[in-house]
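Worksheet for the structure shown next.
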2 protein chains.
Amino acid sequence: MSRVLLHRPSIHDVAKEAGLSAATVSKVMRGIGNVRAENASRVNAVVESMGYRVDPVAADLRRGTRRIIGVVVPELESSFFGSLITSIESQTERLGYTLVMSSSRESETREKELIQRLQDLRVAGTILAPVRSETGSGAQLLKSQQMSAVLIDRVADDRQLDTVSVDNRMASIKVAQLLAASGHRHILILGLDKKSTSTRLRCEGFVNEFRQLQPSCRIDEVFTRTGLNGLRENLSHYFSDNRPTAIFSLFLNGTLLALSELRRIDLHCPDDISLIGFDDSEWMQAMHPAVTSVVQPVNEIAQQAVSLLMRRIHSGQADTVAHEATCHIEIRESVRALNQTAR
Amino acid sequence: MSRVLLHRPSIHDVAKEAGLSAATVSKVMRGIGNVRAENASRVNAVVESMGYRVDPVAADLRRGTRRIIGVVVPELESSFFGSLITSIESQTERLGYTLVMSSSRESETREKELIQRLQDLRVAGTILAPVRSETGSGAQLLKSQQMSAVLIDRVADDRQLDTVSVDNRMASIKVAQLLAASGHRHILILGLDKKSTSTRLRCEGFVNEFRQLQPSCRIDEVFTRTGLNGLRENLSHYFSDNRPTAIFSLFLNGTLLALSELRRIDLHCPDDISLIGFDDSEWMQAMHPAVTSVVQPVNEIAQQAVSLLMRRIHSGQADTVAHEATCHIEIRESVRALNQTAR
DNA sequence: TTGAAAGCGCTAACAG
DNA sequence: CTGTTAGCGCTTTCAA
């Protein structure tokens, strides 16, 4: 005897059709409370036939909670943040949260607006990967609004917010050890602007360790403030007078650029020069030579971020933790020992 | 005289504090209706001092609308979908919508679940970039639930849903024209599996046009069903007996792979062989040689998708449109004319 | 085991 | 111009 509904059925429509109350239907939907088996199955039948589905927004409103988590990243064009978000998504949806993610496009102003919007949405929690400029004004807002939040990736020490980052220094130390053990003495470090904390840590970690392992070493640095093309020019110029035996790139496109420049000046990798760089990419294993890289543990970062966020959401006050995930080096063909002697 | 509130202030808290009604505050917040200037500024003052912000979720509930748009893409790891989403985001947020995006991770099952979840959320509209398998079951769900939706990217003809795709055939025709005009006769086409519609169109478009322009041509094809590494093997094997004068890659990583393989067998690009490929990437212009590529108009796709979706949301019934955006070729150094004669 | 009533935070209709 | 009333769709007492 069901009338045709113009709009989607509400819990009351179901209740009416089943000859029960909305409260009972609600209990059945959530699988809790004591409902007579007979009534429960009647409700289920009606739900089925009407195609009823609980409106999570209305449910949240009533409950006074929002099963939403906000994520703000500086960009979505790179595979790093792409896979990070993908991983965060699978963590959070398992917990029943909906993700609202957006890109600040490296704009600090936009970052703040986005956080404000998340705050307006009354999200349960926020995961923020700050913009490069790192003045931390987004984080500031998170704190002043007392939002449950965790900072990831480009993270300055923070005493009020949980943070998850990668142990950049240790990763670079491992690179230094690898190259030193392979007999390299003359290294080129390739990077973009030197301002960001992670770049600085990667640089420092390498230089300190390498100098210690190979006191008679030479470490050159090629940086730029004018993007990839600027870096290419500097690199080109550098290679006109210099022949390091290994290149350590601090970011993905630097590795690609190095590959291209080596080609141009006809230096063979790894025969003439070794190459290792931060960030792994799908094509690296299919390349010739397959490229050795420092891989950031994206899943661990995501998993830690989500679990810290959950802790923060549920336990409110708690001591802040700063998790540092460990990178590992994916050894492939592009790094080779200098002197094939011995053994 | 304001008490300290434990929770965030509601519109009633503001009303009470301002000595007015919630309805009046609501009018002020939305900047509509007639409110005495004096009262309006009092409301604004209180709003300011209490830090009040409208709860868009509650507002939507009451209004019976959801200012949410759902987006489902097959993956977020590639820069294509990353920038597509970034572009969609800036379009939709200008219109006051919040984006809920997620990755189906190339899983058809997951795609359906995600759409179902968007339906549960009562989203105003959905933008779907279907998974590669293209059986269209996600699209089917969209239709059967009568959701406002538009399909993008990998799109089969659809009579019930608006679609936005790229004119793959025409793009490949342009590539054929470029290579033919440059005197090439022996071409290698590089691709992943040949099942997907866009791959097929790209292939067909090129082959037909090229054969017509250069009747005495030879077109080889190297594909694979075993990922990038499989493609590399096939490519390697191919080059042991063949020397085309140009390579046309149907996807981004293919271009990279070709570059690497050319390096391995010491063929110089573009002196010995020309290279052009689908999808543009930041590094291409910084490479040596800078890589000529077919660039998909991401912004146009996003803009069309959003405007078609809005039309669908607001005008409900309307004839379905299938928009095809035009690719352009970014000419750089990797393609060169064969015979530098004449002129 | 069930349902009536209240109300999450907001907006819309309408009477004053 | 303003306030009262009545919900949006749901969950949660709490009395029956």
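All of these numbers come straight from a predicted model, not from anything done at the bench. Each chain gets a letter, A, B and so on, in the order its sequence line appears, and its residues count up from 1. Just so it is clear, the values below take in all heavy atoms, side chains as well, and ignore hydrogens, waters and symmetry mates.
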Sugar-phosphate only, base, or nothing, as touched by Asn34(A) at under 4.0 Å among non-hydrogen atoms: base
Atom-to-atom span, CZ of Arg63(A) to P of dT11(D) - whole angstrom: 6 Å
Atom-to-atom span, NE2 of His12(A) to P of dC8(D) - whole angstrom: 8 Å
Exam field: side chain Arg312(B) to backbone Ser148(B), donor-acceptor pair closer than 3.5 Å: no
Distance, rounded to the nearest Å, where Lys27(B) contributes NZ and dT11(C) contributes C1': 10 Å
Out of dC10(C), dT12(D), dC10(D), whichever nucleotide has its closest atom nearest the side chain of Arg30(A): dT12(D)
Sub-4.5 Å side-chain heavy-atom contact between Asp13(A) and Ser10(A): yes
d(CE, Met29(B); P, dC10(C)) in whole Å: 9 Å
Rounded interatomic separation in angstrom, taking CD1 from Ile11(B) and C1' from dG7(C): 16 Å
Per Ala58(B) side chain, nearest of listed nucleotides dC10(D), dC10(C), dA4(C): dC10(C)
Sugar-phosphate, base or nothing in reach of Ala59(B), heavy atoms under 4.0 Å: sugar-phosphate
Side chain Arg132(B), main chain Ser196(B), donor-acceptor under 3.5 Å: no
N-O pairing of Arg154(B) and Glu106(B) below 4.0 Å: yes
Touch class at under 4.0 angstrom, heavy-atom based, for Val54(B) against every strand present: sugar-phosphate
Rounded interatomic separation in angstrom, taking CG from Asp55(A) and C1' from dT11(D): 13 Å
side-chain N/O Ser10(A) vs dG9(D) OP1/OP2, d < 4.0 Å: no
dA4(C) phosphate, OP1 or OP2, under 4.0 Å from Ser21(A) side-chain N/O: no
Flag side-chain contact, heavy atom, 4.5 Å: Arg117(B) against Ser102(B): no
dT11(C) phosphate, OP1 or OP2, under 4.0 Å from Ser26(B) side-chain N/O: yes
Sugar-phosphate only, base, or nothing, as touched by Arg66(A) at under 4.0 Å among non-hydrogen atoms: nothing
Atom-pair distance (CZ on Arg62(A); C1' on dT12(D)), nearest Å: 5 Å
Whole-Å gap separating C1' (dG3(C)) and NZ (Lys16(A)): 15 Å
